[in-house]
Amino acid sequence: MNIEQVLHSAVAEALKNLYNFEPASKSIQLQITRKDFEGDITLVVFPFLKHSRKSPEETGKQIGEYLQGNVDEVRSFNVIKGFLNLVIADNYWIRVLKNARKDDAYGTKQEDENSRVIMVEYSSPNTNKPLHLGHIRNNLLGYSISEIQKANGNKVVKTNIVNDRGIHICKSMVAWKKWGEGKTPENTGTKGDHLVGDLYVEFDKHYKAEIKELIDKGVPPKEAEAKAPSILEAREMLLKWEARDPETVDLWKRMNSWVYKGFDETYRKMGVDFDTIYYESDTYLVGKEEVLRGVEEGIFYKEEDDSVWADLTEDGLDKKILLRSDGTSVYMTQDIGTAKMRYNDYSIDKMVYVVGNEQNYHFQVLSVLLDKLGYTWGKDLFHFSYGMVELPSGKMKSREGTVVDADDLMEEMINVARNMAEELGKLDALTAEETEKTFEIIALGALKYFILKVDPKKNMLFNPEESIDFNGNTGPFIQYTYARIQSVLRKAAEKNINLVSDADENISISEKEKLVLKRISLFPDIVAEAGKNYSPAVVANFCYELVKEYNQFYHDHSILNASENNIRDFRLVLSEAVGKVIKSGMTLLGIEMPERM
RNA sequence: GCCCCGGUAGCUCAGUUGGAUAGAGCAACUGCCUUCUAAGCAGUAGGUCAUGGGUUCGAAUCCCGUCCGGGGUACCA
């Protein structure tokens with residue numbers, strides 16, 4: 001039981017004894033004492049005034065006296081306005097340190113046979129262009145949320161739905177046939193996803209030119225868009241694909257394989273992975289069957305032109321198309337099929353979709369449709385809706401060439417890390433290979449932290465003109481502190497100082513030391529909160545606070561040259577624990593820690 | 001039009017279920033390396049929490065209106 005739980009029930013007891021009433025659990029508000037006041041934990045007494053019928057000061061004093069008399073850890077107290085500030089005994093905080101060290105998985109819960117199965121879908125790329133900054137946010141969030149759920153004792157299946165079929169990939173295929181000149185990743189040395197993406201751009205260029213030409217000839221714009229030769233070819237290609245035309249399917253497989261190879265490389269660099277991958281080309285037919293079953297069962301209806309619709313007006317939504325008049329499927333059709341397949345393949349307790357907030361409506365509808373199709377889990381789908389990454393010029397648009405490419409960005413970050421390290425003259429002790437790996441760790445740490453520290457729900461801004469910071473509230477700042485700690489621990493080992501198994505409970509600790517200990521004590525709560533709210537940002541901000549406080553301690557106190565051996569040992573053990581907590585916190589964000597930097 | 005989300009320092013962001021005098025970082029200015037890593041520490045300056053009401057012991061936080069920005073809205077994904 002931690003101190004908050006102890007205090008919580010002691011307060012309830014106090015109120016019962018003093019004023020003879022049983023408070024609602026949430027009316028007992030315990031919080032960390034603000035640093036301008038004396039004390040460690042503060043109870044807000046306002047909610048009890050009605051029952052105490054005394055002034056805030058008097059009520060606080062009475063409760064304080066009760067707690068001091070009945071809870072060992074409460075050393076003293078003071079009351080300011082309606083706030084009861086409790087001073088907790090130092091040895092309580094030292095015990096927190098002991099517990100944190102004893103437990104290798106401090107703060108996290110292990111998976112067991114009762115664990116819930118959570119499937120997390122993220123990434124979901126189209127196979128006609130490389131990944132960009134938007135995907136980076138998606139991937140990092142998806143990965144981190146998965147790790148956080150695991151740390152809360154859940155069994156997580158990470159999945160991806162690859163949108164590998166449709167008009168978009170046909171456009172790239174047409175472009176390859178017409179203007180590709182037999183290019184392959186091998187003979188051009190271009191990464192496969194970029195090659196296919198370039199072809200997509202090539203297609204768009206010709207398509208636009210054709211539209212303009214038609215319009216100049218007097219064709220109305222809408223008709224021009226529909227009748228341009230390139231788009232007609234792409235449509236034909238799609239029909240051929242659906243008809244399983246061997247040549248078309250071969251080319252499709254070939255070009256997709258280029259893309260997958262490219263994606264794999266990007267995913268590897270980013271440090272994200274998947275347990276299972278679904279492909280739209282496998283799932284859309286299942287979705288189609290489901291929709292047609294829905295028509296037979298009268299859940300959906302057919303228009304005169306054969307298009308299929310769901311009427312959701314009674315659910316407060318609109319009418320939604322599920323199959324086009326030519327019988328082809330839409331995004332929604334495919335998602336129905338994918339969901340069904342997943343629930344067949346796994347015993348999913350919770351399905352989480354990491355998808356941008358522009359699709360809020362889509363998932364609202366998906367949930368209702370699955371429910372109508374008779375799937376009890378339909379209502380339980382959770383759309384983890386995150387905000388978009390914007391540029392100073394506004395939204396990223398692939399057609400206007402304003403997307404920030406994922407590979408380019410990561411490469412650039414590594415260069416910045418390299419330049420900075422060289423400028424600072426660090427890492428001389430490492431081999432070339434280790435040095436390069438360290439640059440990568442730092443660069444990715446900066447990028448990941450930059451993305452993950454902000455509230456996922458909010459839109460965020462990325463300015464390509466300014467490189468992502470490496471100082472201040474950043475990933476490298478946290479990594480640096482970790483590296484410093486490892487350095488101290490190495491020095492201790494060199495001096496043959498062994499880490500004691502238990503810190504001396506009787507030493508007196510400084511304010512800075514206590515702040516660090518308090519922060520460490522919060523880690524389990526942070527992991528739980530991050531899990532409950534699906535929020536990597538909570539973890540990121542915690543790590544920052546911890547590191548900031550540790551750095552202040554580090555600056556003010558000498559560790560290896562402490563005046564007494566038991567104080568030195570305590571500080572070493574404290575440092576080691578901070579290192580461990582930083583590492584496990586940052587691991588939840590997918591950020592690695594360098595041993596030196 | 002209708003629906004959803006947002007607006008906190010010059011910039012980027014924190015701010016737990018309503019709690020004390022709204023916090024960081026960047027940018028600017030000033031100090032601190034002979035001693036465990038200065039990618040650090042300390043300090044100065046910077047705010048009508050978009051705006052007007054309401055709810056109450058107490059509102060950046062909850063409710064209503066207004067302004068501004070973003071997203072969605074029946075054959076794109």
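Lettering follows sequence order; numbering is per chain, from 1.
Among the protein residues, A/K319 comes within range of the nucleic acid bases, having at least one heavy atom under 4.0 Å from a base atom. When heavy atoms are screened at a 4.0 angstrom cut-off, A/K548 is found touching the sugar-phosphate backbone but no base atom. Residue-level contact check: A/D556 touches neither bases nor backbone, having no heavy atom under 4.0 Å from any strand. At the heavy-atom level, A/N85 lies under 4.0 Å from base atoms of the strands shown. When heavy atoms are screened at a 4.0 angstrom cut-off, A/F83 is found touching base atoms of the nucleic acid. In this structure, A/M597 reaches the bases: a heavy-atom distance under 4.0 Å links it to at least one base atom across the strands shown. Looking at heavy-atom distances under 4.0 Å, A/V44 makes contact with a base. Within the 4.0 angstrom heavy-atom criterion, no nucleotide atom of any strand lies near A/L323. Within the 4.0 angstrom heavy-atom criterion, only backbone atoms of the sugar-phosphate kind lie near A/N126; the bases stay farther away. Within 4.0 Å (heavy atoms only), A/Q479 reaches no atom of the nucleic acid at all. Counting non-hydrogen atoms under 4.0 angstrom, A/Q359 reaches a base of the nucleic acid. In this structure, A/E545 reaches neither bases nor backbone, as no heavy-atom distance under 4.0 Å exists between it and the strands shown. Across all strands, A/L461 comes closer than 4.0 Å only to sugar-phosphate atoms, never to a base (heavy-atom distances).
Between A/E592 and A/K437, at least one side-chain nitrogen of the basic residue sits less than 4.0 Å from a carboxylate oxygen of the acidic one, meeting the salt-bridge criterion.
The CD atom of A/E390 sits 13 Å away from the P atom of B/G69 (whole-angstrom rounding). In this entry the distance linking NE2 of A/H135 with C1' of B/A77 reads 11 Å, nearest Å. In this structure, A/H362 atom NE2 and B/A77 atom P are separated by 10 Å, rounded to whole Å. Atom P of nucleotide B/A38 and atom CE of A/M420 are separated by 17 Å, given to the nearest angstrom. Computed from coordinates, the A/I468 CD1 to B/C13 P distance equals 12 Å when rounded to whole Å. B/C11 atom P lies 17 Å from atom CG of A/N459, rounded to whole Å. What separates OH of A/Y449 from P of B/A24 is a distance of 14 Å, to the nearest Å.
Two rings, from A/Y200 and A/F203, have their centers 6.0 Å or more apart. Centroid-to-centroid, the aromatic rings of A/F83 and A/F46 come within less than 6.0 Å. The six-membered or imidazole ring of A/H51 lies away from that of A/Y19, with a centre-to-centre distance of 6.0 Å or more. With ring centers used as reference points, A/F477 lies under 6.0 Å from A/Y544.
Figure legend: cation-pi geometry between A/R165 and A/Y284, with NZ or CZ positioned under 6.0 Å from the six-membered ring centre and within 45° of its axis.
Going from the C1' atom of B/U35 to that of B/C49 covers 45 Å, rounded to whole Å. Taking atom P in both B/C76 and B/U17, the straight-line distance is 42 Å, to the nearest Å. Between the C1' atoms of B/G47 and B/C3, the separation comes to 34 Å (whole Å). A gap of 15 Å separates the C1' atoms of B/G23 and B/U61, to the nearest Å. As rounded to the nearest Å, B/G40 and B/C33 have C1' atoms that lie 10 Å from one another. Here the separation of B/A45 from B/A39, taken at their C1' atoms, is 25 Å to the nearest Å. Comparing the C1' positions of B/U34 and B/U8 gives an interatomic distance of 45 Å, to the nearest angstrom. Taking the C1' atoms as reference points, B/G18 lies 40 Å from B/U30, given to the whole Å.
At a cut-off of 3.5 Å, with distance as the only test, a side-chain donor of A/N139 or A/S123 sits close to an acceptor on the other residue. With no hydrogens or angles considered, a side-chain donor-acceptor pair links A/T481 and A/N551 at under 3.5 Å. Judged by distance alone, the side chains of A/H168 and A/N163 never bring a donor and an acceptor atom under 3.5 Å apart.
An OP1 or OP2 oxygen of B/U37 is reached within less than 4.0 angstrom by no side-chain nitrogen or oxygen of A/R490. Between A/R324 and B/C76 there is a side-chain polar atom (N or O) within less than 4.0 angstrom of OP1 or OP2.
Both geometric conditions, a ring-centre gap below 5.5 Å and a plane tilt below 30°, are not fulfilled together for A/Y480 over the base of B/G40. Stacking is found between A/F46 and the pyrimidine-like six-membered ring of the B/G19 base under the 5.5 Å centre-distance and 30° plane-angle cut-offs. We find that the ring of A/F37 and the base of B/A20 stack, their centres lying under 5.5 angstrom apart and their planes tilted less than 30°.
In terms of position along RNA chain B, the nucleotide closest to A/K532 lies nearer the 5' end than the nucleotide closest to the other residue of the pair A/K532 and A/I167. Comparing A/H557 and A/T33 against RNA chain B, the residue whose closest nucleotide sits nearer the 5' end is A/T33.
Base-pairing analysis of RNA chain B finds the following stems of at least three consecutive Watson-Crick or G-U pairs, with both pairing distances under 3.5 Å: B:1-7 with B:67-73, B:10-13 with B:23-26, B:28-32 with B:40-44, B:50-54 with B:62-66.
Remark: the A/T474 side chain and the B/A39 base include no donor-acceptor N/O pair separated by less than 3.5 Å. Looking at A/N473, its side chain has no donor and acceptor atom pair within 3.5 Å of the base of B/C26. A donor and an acceptor atom never sit less than 3.5 Å apart when one is taken from the side chain of A/N471 and the other from the base of B/A27.
Against the 90° criterion about 0, the sugar-base torsion of B/C33 places it in the syn range.
Atom CD of A/E423 is surrounded by 12 or fewer heavy atoms from other residues, nucleotides or ligands within 6.0 Å.
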